[in-house]
Amino acid sequence: MNMRCIAVDDEPLALDLLEDNINQVPFLELVGRCKNAFDAIELIQKEKAENRNIDLIFLDIQMPGITGVQFVKSMVSNPMIIFITAYDQFAIEGFDLNVIDYLLKPVSFERFLKACNRANELFQLKESSGNPKVLTPDEHFFVNAEYSLVKVKYAEILYIEGLKDYIKIYVASQPRPIITRMTMKSIEEKFASLPFMRVHKSYIVSLNKIESIRNLKISIGQHLIPVSEQFSDELLRRIGSK
């Protein structure tokens with residue numbers, strides 16, 4: 001499945017180069033070129049009105065009116081972002097916004113393709129997770145906890161909380177969580193194509209265990225799990241409410 005993308009830059013030559021690069025990547029489909037953030041907002045809204053998503057935005061930062069950073073902060077939906085800019089001083093702020101990559105002009109095609117491949121990997125992961133496989137009661141994995149290898153059944157997991165280099169796995173069969181040394185990223189990768197979703201930088205939930213969602217809070221039994229705004233649209237899509 002191709003990624004539908006737009007290019008946003010106030011420099012016509014930069015847009016021409018972007019378009020040329022995009023056309024060389026077989027899994028990209030260029031939906032439109034925009035000379036500023038206002039044009040991009042209008043195009044995204046038009047596509048959304050026709051039930052079409054923009055999956056990826058190639059975005060300049062220094063533009064008149066609204067900068068690329070301001071544009072990303074204002075967005076309600078969450079397409080993937082690749083910043084392409086002549087200025088490196090925005091790199092830290094850019095990555096704080098969870099952008100896919102930060103490319104400095106002039107960008108070689110090899111570097112451009114590397115960023116696109118990174119975006120495509122995430123896109124394909126999201127698409128496959130949109131149709132998660134059904135878990136059987138006995139599917140499990142093992143973690144190191146309390147000097148032992150402990151079996152964790154996927155079907156029993158309520159949610160997972162990240163604490164620096166450790167995670168707490170809350171399961172239905174016991175009152176206390178299983179604590180093991182593991183990063184959120186590694187456990188999230190283990191859940192690829194399974195009915196689990198990261199809803200906050202510190203929380204992953206079992207979609208099958210959600211009882212209700214209210215005011216960006218997920219209710220699972222007696223537990224309330226916060227939902228970050230950046231994940232809210234995707235969560236509603238995954239549970240079939242959008």
Working for side-chain contact (heavy atoms from CB on, under 4.5 Å), residues Ile57 and Phe71: CA-CA 11 Å; Ile57 301 176; Phe71 173 46; 4.2 Å; yes
Criterion side-chain contact (heavy atoms from CB on, under 4.5 Å) on Ile157 and Phe191, from CA distance to verdict: CA-CA 11 Å; Ile157 298 174; Phe191 288 160; 3.9 Å; yes
Evaluation steps, side chain to side chain donor-acceptor pair (under 3.5 Å), between Glu161 and Ser202: CA-CA 6 Å; Glu161 180 181 4; Ser202 301; over 6 Å; no
Verdict with reasoning, Asn144 to Arg181, per side-chain contact (heavy atoms from CB on, under 4.5 Å): CA-CA 7 Å; Asn144 286 299; Arg181 188 178 179 87; over 6 Å; no
Verdict with reasoning, Phe83 to Val72, per side-chain contact (heavy atoms from CB on, under 4.5 Å): CA-CA 10 Å; Phe83 277 138; Val72 174; 3.9 Å; yes
Worked verdict on Arg33 versus Asp39 for salt bridge (charged side-chain N to carboxylate O under 4.0 Å, His left out): CA-CA 9 Å; Arg33 299 165 37 134; Asp39 288 352; over 6 Å; no
Derivation and outcome, side chain to side chain donor-acceptor pair (under 3.5 Å), residues Glu121 and Asn117: CA-CA 6 Å; Glu121 288 176 6; Asn117 284 332; over 6 Å; no
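When the ring pair (Phe, Tyr, Trp, His ring centres under 6.0 Å) test is applied to Tyr170, the partners found at least two apart in sequence or on another chain are Tyr159, His223.
Linking Ile, Leu, Val, Met, Phe, Trp and Tyr whenever their side-chain heavy atoms come within less than 4.5 Å puts Phe27 and Leu18 in one cluster. Phe142 and Ile179 are assigned to two separate hydrophobic clusters, defined by single-linkage of ILVMFWY side chains at heavy-atom distances under 4.5 Å. No continuous path of ILVMFWY side-chain contacts below 4.5 Å connects Leu158 to Leu224, so the two sit in separate hydrophobic clusters. Both Ile61 and Leu104 belong to a common hydrophobic cluster when Ile, Leu, Val, Met, Phe, Trp and Tyr are linked at side-chain heavy-atom distances under 4.5 angstrom. Under the 4.5 Å side-chain heavy-atom criterion for ILVMFWY residues, no single connected hydrophobic cluster contains both Ile54 and Leu15.
Shown here for Ile22 and Cys5, the closest heavy-atom pair between the two residues is CG2-SG, 3.9 Å. Smallest separation of non-hydrogen atoms from Ser186 and Thr183: OG-O, 2.8 Å. Between Ser232 and Leu216 the shortest heavy-atom distance is CB-CD2, 4.0 Å. The minimum heavy-atom distance between Ser228 and Lys201, with the atom names listed, is OG-N, 4.2 Å. Summarising the geometry of Lys168 relative to Pro177, their closest heavy-atom pair is CE-CG, 3.7 Å, with the distance given to 0.1 Å. Taking both residues in full, the closest heavy atoms of Pro26 and Asn2 are given as O-OD1, 3.5 Å, listed atom of the first, atom of the second, then distance.
Atom CD1 of Ile6 and atom CG of Leu43 lie 5.0 Å apart (nearest 0.5 Å). The distance from atom CZ of Arg4 to atom CG of Asn53, rounded to the nearest 0.5 Å, is 8.0 Å. Note that OG of Ser219 and NZ of Lys209 are 14.0 Å apart. Values are rounded to the nearest 0.5 Å. The distance from atom CD1 of Ile160 to atom CG of Leu163, rounded to the nearest 0.5 Å, is 12.0 Å. Between the NE2 atom of His200 and the CD1 atom of Ile225 there is a distance of 11.5 Å, given to the nearest 0.5 Å. To the nearest 0.5 Å, atoms CD (Glu188) and CG (Leu194) are separated by 12.0 Å.
Side-chain contact between Met80 and Leu56: present, with at least one pair of heavy atoms (C-beta onward) separated by less than 4.5 Å. Taking 4.5 Å as the limit, some side-chain heavy atom of Leu235 sits within range of a side-chain heavy atom of Val227. The closest side-chain heavy-atom distance from Asn36 to Ile66 is not below 4.5 Å. Using a 4.5 Å cut-off on side-chain heavy atoms (C-beta onward), Gln62 and Thr67 make contact. Looking at Thr180 and Ile167, their side chains come closer than 4.5 Å, going by heavy atoms from C-beta outward. Between Val205 and Ile210, some side-chain heavy-atom pair lies under the 4.5 Å cut-off.
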Can you give me every donor-acceptor pair (side chain of residues 7-14, partner residue at least two apart or in another chain, under 3.5 Å) with its distance?
from: Asp9; atom 1: OD1; to: Glu11; atom 2: N; distance (Å): 2.9
from: Asp9; atom 1: OD2; to: Lys105; atom 2: NZ; distance (Å): 2.8

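Among Leu28, Val107, Ile81, Asn21, the one residue that satisfies the side chain to side chain contact (heavy atoms under 4.5 Å, CB included) test with Phe58 is Leu28.
Gln174 contributes a side-chain N or O that, together with a main-chain N or O of Arg176, makes up a donor-acceptor pair within less than 3.5 Å. Side-chain atoms of Arg52 never come within 3.5 Å of backbone atoms of Lys46 as a donor-acceptor pair (strictly under, hydrogens ignored). A side-chain donor-acceptor contact under 3.5 Å links Asn23 to the backbone of Glu19. Of the possible donor and acceptor atoms, none in the side chain of Glu234 sits under 3.5 Å from a partner among the backbone N and O of Phe231.
Summarising the local packing, CD of Gln24 is surrounded by more than 12 heavy atoms from other residues, nucleotides or ligands at distances under 6.0 Å. Within 6.0 Å of CD on Glu229 lie no more than 12 heavy atoms contributed by other residues, nucleotides or ligands.
Both tests hold for Lys190 against Phe141: distance to the six-membered ring centre under 6.0 Å, angle to the ring axis within 45°.
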